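Bear in mind that the values here come from a model prediction, so they are computed numbers and not experimental data. Throughout, a chain's letter reflects where its sequence line sits, starting with A, and its residues are numbered from 1.
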There are 2 protein chains.
Amino acid sequence: MNKKPDTAVRSGLRQAVCKNEVVRLSQYRAALRRFKGLGFSKIYSNFLGEAVGVTSAQVRKDFSHFKISGNKRGGYAIDAVMQTMDGLFRKERAQKVVLVGAGNIGKALLNYRGFQKENITIVAAFDIDPAKCSKNGACPVLPVSALKEYVQAHGVRIGILAVPEITAQQILDEMIAAGIKGVMNFAPCNLRYPEDRVTVANVNLVQELEYLAFAVDQGRKTG
Amino acid sequence: MNKKPDTAVRSGLRQAVCKNEVVRLSQYRAALRRFKGLGFSKIYSNFLGEAVGVTSAQVRKDFSHFKISGNKRGGYAIDAVMQTMDGLFRKERAQKVVLVGAGNIGKALLNYRGFQKENITIVAAFDIDPAKCSKNGACPVLPVSALKEYVQAHGVRIGILAVPEITAQQILDEMIAAGIKGVMNFAPCNLRYPEDRVTVANVNLVQELEYLAFAVDQGRKTG
DNA sequence: TAGATTGTTAATCGATTAACAATC
DNA sequence: TAGATTGTTAATCGATTAACAATC
């Protein structure tokens, strides 16, 4: 009698997983790496929570959800926890990502250091403008018409959408048709896509700045 | 006996305002502009909700919260609603923003078209590397040591933090000391700051991609 | 007027936190 | 053992949705 099929069934996990939870997992992982760098091999939920800015109960609940277990009285073994997380985030090998749109933002992402550090590699870029295409350079820039063949040949599942707002929906459709399953979208618009088959993470810079404009103005009204 | 002072008191609004609510407001605004472009002058909560992907009750609740009222039976007058929203987001005049860190991401943001369209202007950039500084070009690139003077002289309240992770906390501290009240942060780390005086919006690209890596993998386990 | 929509209150839903038994 | 921490259940909190009286 449930309205929609439970994500739990699809994922093999007990319960559905929401984005916040996955994001916290990513934050725990970053914190654990720092603790490990400091020489720790075990960590308690209260310390880890403090590092990330959540309660110890939240940490234990999240870990429990992903079947990450610790030792009563002994805390969590950092190496073991990180190994489980690496599996969840597919960190064993480089995460291959394609970039569509080699404009301002796109080119900046090609050179962004933060991705390399996390074993994320932009393996190819695509643009509709032939003038921007080139097979030289560390990462080839190919015509969008070659997207599907490339994605299928290389088994890429994740793409970055960094094209102007006007063409974003059309290019997203092409990415989905090519077999991309996860899209990081920089176009400041509401995209339509099949939510049961594709995940889209919107990075809306205008929206963030408008939020800040609101927030700082709210602060100004303080007595 | 309340634990923390209610944001409502600070903002002058009846109740506290959370980020999601402000983000929806920004989305309503974008949708209203489209409706207006199509020749509409009135809009009902159910249509607006559908355009943004929320229920009509959510629209009415949000509007009510910001004291945006409509006409029973007649819907909301688009022009009037947008005028109120323009006030909330301080859209009457260009929103001045400073950029700190003129690297990959920073330079891309300087040329990003999406900001101009929304009347957001990056008035100056700052970098610790003197080689990157230049007073020529559409937007001057100045040494970080000049930040405070510039911010105070121009009354800038919002800044973009686009420096490497290692220096992010230190530069954030300088921005806050300079009088910046809202920061859009691209460094993939947890920053410390006085939450009662400063608002930080984190744009963590690595985190978004890790979320996608998790999500697409979860989909793969589908039967 | 009759019908439809707002504005608001009440109900629901989900996520976070507190609490505590289990146990190392 | 005594003490401290996990793992989980129950309580709380807040946000979303449903429902409906008010009313244009």
Pairs under 3.5 angstrom, nitrogen or oxygen only, protein versus nucleotides 19-21 of chain D, please.
| from | atom 1 | to | atom 2 | distance (Å) |
| --- | --- | --- | --- | --- |
| D/dA19 | N6 | B/Arg60 | NH2 | 3.1 |

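- Between the NE2 atom of B/His65 and the C1' atom of D/dT16 there is a distance of 14 Å, given to the nearest Å.
- A 4.5 Å side-chain heavy-atom check between A/Asn46 and A/Val59 finds every atom pair outside the cut-off.
- Every residue two or more places apart in sequence or in another chain that forms a salt bridge (Lys or Arg N to Asp or Glu O under 4.0 Å) with A/Glu208 is listed here: B/Lys19.
- Distance A/Gln58 CD to C/dA15 C1': 8 Å, rounded to the nearest Å.
- Listed by first residue number, the stems of DNA chain C with at least three Watson-Crick or G-U pairs below 3.5 Å are C:3-24 with D:3-24.
- The shortest side-chain heavy-atom distance between A/Thr121 and A/Val97 does not fall under the 4.5 Å cut-off.
- Taking the six-membered ring for Trp and the full ring otherwise, B/Phe89 and A/Tyr211 have centroids separated by 6.0 Å or more.
- What separates NZ of A/Lys61 from P of D/dA10 is a distance of 11 Å, to the nearest Å.
- A/Tyr44 places its OH atom 15 Å from the P atom of C/dC24, with the value rounded to the nearest Å.
- Straight-line distance from the CG atom of A/Asn46 to the P atom of D/dG7: 14 Å, rounded to whole Å.
- Contacts of A/Ser56 with the nucleic acid, taken as non-hydrogen atoms under 4.0 Å apart, are absent.
- One interatomic measurement links the two molecules: NZ of B/Lys67 to C1' of C/dT6, which rounds to 18 Å at whole-angstrom precision.
- If you take CG of A/Leu48 and P of D/dT5, they are 14 Å apart, rounded to a whole angstrom.
- A donor-acceptor distance shorter than 3.5 angstrom exists from the side chain of A/Thr84 to the backbone of A/Ala80, with no hydrogens or angles considered.
- Scanning both residues, A/Thr199 and B/Ala215, for their nearest heavy atoms gives OG1-CB, 3.6 Å.
- Rounded to whole angstrom, the span from the CZ atom of B/Phe63 across to the C1' atom of C/dT5 amounts to 14 Å.
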Which donor-acceptor pairs under 3.5 Å do the side chains of residues 165-189 of chain A make with protein atoms, sequence neighbours left out?
| from | atom 1 | to | atom 2 | distance (Å) |
| --- | --- | --- | --- | --- |
| A/Glu165 | OE1 | B/Lys117 | NZ | 2.9 |
| A/Thr167 | OG1 | A/Pro164 | O | 3.2 |
| A/Gln169 | OE1 | A/Arg192 | N | 2.9 |
| A/Gln169 | NE2 | A/Asp173 | OD1 | 3.0 |
| A/Gln169 | NE2 | A/Arg192 | O | 2.9 |
| A/Gln170 | NE2 | A/Glu174 | OE2 | 3.4 |
| A/Asn185 | OD1 | A/Ala187 | N | 2.8 |
| A/Asn185 | ND2 | A/Ala187 | O | 3.0 |
| A/Asn185 | ND2 | A/Asn202 | OD1 | 2.7 |

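- Ring centers of A/Phe35 and A/Phe47: at least 6.0 Å apart, outside the cut-off.
- Contact check, A/Thr55 against C/dT17: a side-chain N or O comes under 4.0 Å of OP1 or OP2.
- Taking the six-membered ring for Trp, A/Phe115 and A/Tyr112 have ring centres closer than 6.0 Å.
- Shown for residues 18-25 of chain B: no residue has heavy atoms falling under 4.0 angstrom of DNA chain C.
- Contact detail for A/Val216 and B/Arg157: the closest heavy-atom pair is O-NH2, 3.1 Å.
- Pairing each heavy atom of A/Tyr76 with each of A/Ser45, the nearest pair is CE1-CB, 4.2 Å.
- For DNA chain C, the residues of residues 73-84 of chain B within the heavy-atom distance limit of 4.0 Å (strictly under) are B/Arg73, B/Gly75, B/Tyr76, sorted by number.
- Pairing each heavy atom of A/Ala108 with each of B/Asn104, the nearest pair is CB-O, 3.4 Å.
- Phosphate contact (OP1/OP2 of C/dT6, side-chain N/O of B/Ser45, threshold under 4.0 Å): present.
- Ion pairing between A/Glu118 and A/Arg29 holds under the 4.0 Å rule for side-chain N and carboxylate O.
- Of all the heavy atoms in B/Lys36 and B/Asp79, the pair that sits closest is NZ-OD1, 2.5 Å.
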